[in-house]
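Working notes for the structure below.
Predicted model, so just to flag it, every value in this text is computed and none were measured. Below, chain A is the first sequence line, B the second, and so on; all start at residue 1.
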There are 2 protein chains.
Amino acid sequence: MTLDAVAREAGVSPATASRALNGTTRVRDDLRTRVRAAADLLGYIPNAHAQALASAEGNRTVGLICHDVSDPYFAGIASGVMRAAAEQDLLVMLASTFREPSREIAYVSMLRAQRARAILLIGSGFQDRAWERAMDAELNPYVRAGGRVAVVSRHRSLRVDTVQPENRAGAAELARALVALGHREFAVLTGPPELTTVADRLAGFREGLAGAGIGLGRVVRGAFTREGGHLAARRLLAAEGPRPTCVFAVTDVMAVGALAALREAGVRVPEDMSLAGFDDIPLVRELSPPLSTVALPLTEMGERVIALALRAPSAAARSRVVRIDGEVVLRGSTAAPPGS
Amino acid sequence: MTLDAVAREAGVSPATASRALNGTTRVRDDLRTRVRAAADLLGYIPNAHAQALASAEGNRTVGLICHDVSDPYFAGIASGVMRAAAEQDLLVMLASTFREPSREIAYVSMLRAQRARAILLIGSGFQDRAWERAMDAELNPYVRAGGRVAVVSRHRSLRVDTVQPENRAGAAELARALVALGHREFAVLTGPPELTTVADRLAGFREGLAGAGIGLGRVVRGAFTREGGHLAARRLLAAEGPRPTCVFAVTDVMAVGALAALREAGVRVPEDMSLAGFDDIPLVRELSPPLSTVALPLTEMGERVIALALRAPSAAARSRVVRIDGEVVLRGSTAAPPGS
DNA sequence: ACCTTACCAGAAAGCGCTTTCTGAAAGCGC
DNA sequence: GCGCTTTCAGAAAGCGCTTTCTGGTAAGGT
């Protein structure tokens, strides 16, 4: 099942067989058909490793690194990447880091070893000096050797092409919309502060409120998961002092947990308390009440990031940034505050 | 950044450098540390392709083929696969076929070319003679060449190791539970009949009802998606004749769409009509009412299928089947029929 | 002191391809 | 008909590794 076998079967040299199969150079018609027939007969499949090794020509795989495939946010983006990749006959190597920085770096290294054509990093980077340096040390040689890198929502310190959701502006706009509904007392359910996405959304929300002269209110931190949101909401309700009339969870996934916690505590949404999230993952539309959020076009973001990576490298070494606007979508989970 | 460069830097032969780095054979301590140091200094990363080519030793990637990553069912299984793969330092190549049989075969072929250590097929096969033959033609040479294949919920015609959810038994048990609630008038929202999963669940549900002397009722077909479920439910409601008191959607994803359709039509769940799904994808717990369903341990199924593939090939050439029981979970979406 | 083992570094042969490079045959103008 | 370019098949040189095989040196046995 090697090229040599095919060549022998067809009675030509391996060189000719290679050319006939790949169409690199003109080959006499009769020889070409003979080679093709022999390949079919033998069920020949070229060894991609040998091909990658012999031809400087990059191979047909791109690496995709995300925090967790089972998180709908990443799944949505990954889906867009795959669709675009399929169109170009590229294989996607998808890795979940389970939010461990070291594993992320290990994956980049494996992808480098595979000579992946491009490496896509999805999801916030870690705001950690040592980690950033290590990541840079992996990525720089890769890029210098002709590798492509593109990311979505990363730290700017990584000087690579970026698809950047407008977290800050989106959160600010959401805040204004919530204020417009009449809310004055807020609380925020936030994730790990070392994730840039969290920092940006928090800052944006604060800004939006500040424009109306309102403070951020209580900020409760939780894990970046449904359970994190659930726990954070419980802690919020348990805290003493007046309750906010509106809660913002920095991601929809957390908001889903929060909604459950509110319901369990007998707090009606939106009658007693309004709740909003961020991302617009598919499921939040199905909740009752459906969740207000800032919608991000996840699939499109996936398509954009792979397109960015595959595009001819910019002559100027400057990294490109594609900004993605979030759209505030007010649904049933937000309403005017009680007694207004 | 080649091994040769490292060897030269360390003042040893490439052979020694290789051995020092991989620990294949004993190498004098001072040489080994010198080689390691040189590798670090140069930022050496072995070329995985060259390694794969030189050593018959299989490489460190496994292929995972599913219909759609953004479907929570597949995402859940994929997540389990990734966790297990990460523990063994394996890279997962994940491909979405978007339910196109031809694309599935193309991916298997690419994975073969990559000499993936194992190929995992997730999700129903297509009941189509030509397709089955083509798939067999890809898989057989792969297995004969030492490749491993494992699948979850496939057609039995594929003679490979299988993780098999007990679709039939689970659906039957669900039917009995629903009958026990008092229901006598049913309807089923079903997916493409060429998917074996659909066929099995449908058959199981029919069996369960038959045990109580009840017929299946109206069967409405839709796509295997939320929209498919939505549309099927609308068509069901639009049909003339008496309405069923209980609807079974063959997957949770379809049930989610159905729930939305029922709500839109002003049908209260479960007061006017009960609704149940299958799979227990994470989101259905969050709905109101939370969906009754047959729970499948998705992550575990992912772990099992990769373990199956990686296990030493059975001496007997028989393919192994791991059966996964579904557990009927009755939640708020099902209740006694109206007026009982 | 001599010969056998044991150990370990280096030389060299591939792994399965692609891609120059080489050269034979054919096509062209004069 | 002769020298020219053009076309295209085959020989051969790698791509970057691993792994036998070979051989030199040190240790051990008699």
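Side-chain N/O atoms of B/Ser18 include one lying less than 4.0 angstrom from OP1 or OP2 on D/dT18. At D/dT18, one or more side-chain N or O atoms of B/Gln51 fall inside 4.0 Å of OP1 or OP2 (strictly under the cut-off). OP1 and OP2 of C/dC15 both lie 4.0 Å or more from every side-chain N or O belonging to A/Asn47. Residue A/Ser55 places no side-chain N or O under 4.0 Å from the OP1 or OP2 atom of C/dT18. Between A/Thr16 and D/dG10 there is a side-chain N or O to OP1 or OP2 distance below 4.0 Å.
Spacing between atom CG of B/Leu31 and atom P of D/dT25 amounts to 16 Å, rounded to whole angstrom units. Per the geometry, CG belonging to B/Leu3 stands 19 Å off P belonging to C/dC15, to the nearest Å. For the pair B/Arg28 CZ and D/dG24 P, the interatomic distance rounds to 17 Å; values are reported in whole Å. The NE2-P distance, from A/His49 to D/dG14, rounds to 24 Å in whole Å. For the pair A/Gln114 CD and D/dC15 P, the computed distance is 21 Å after rounding to whole Å. Across the protein-nucleic acid pair, B/Tyr44 atom OH and D/dG16 atom P stand 10 Å apart, rounded to whole Å. One atom, CG of A/Leu21, and another, C1' of C/dT19, lie 16 Å apart when rounded to the nearest Å. Here C/dA11 presents its P atom at 11 Å from CG of B/Asp4, a figure rounded to the nearest Å.
At least one test fails for B/Arg103 against the ring of B/Phe98: distance under 6.0 Å to the centre or angle within 45° of the axis.
Using Watson-Crick or G-U wobble geometry with both donor-acceptor distances under 3.5 Å, C/dG29 finds its partner in D/dC2.
With B/Arg320 contributing its side chain and B/Thr162 its backbone, the two residues share no donor-acceptor pair below 3.5 Å. The backbone N or O of B/Ala118 sits nowhere less than 3.5 Å from a side-chain atom of B/Arg148 that would complete a donor-acceptor pair.
Using a 4.0 Å cut-off between charged nitrogen and carboxylate oxygen, A/Asp136 and A/Arg133 do not count as a salt-bridge pair.
Both B/Ala50 and B/Arg19 lie near DNA chain C, and the one whose nearest nucleotide falls closer to the 5' end is B/Arg19. Remark on DNA chain C: of its neighbouring residues B/Leu53 and B/Asp30, the 5'-side contact belongs to B/Asp30, judged by nearest-heavy-atom nucleotide.
Looking only at atom types and distance, the side chain of B/Asp4 has no donor-acceptor partner in the side chain of B/Thr2 under 3.5 Å away.
In the set C/dA11, C/dC8, D/dA12, the nucleotide with an atom closest to the side chain of A/Ala15 is D/dA12.
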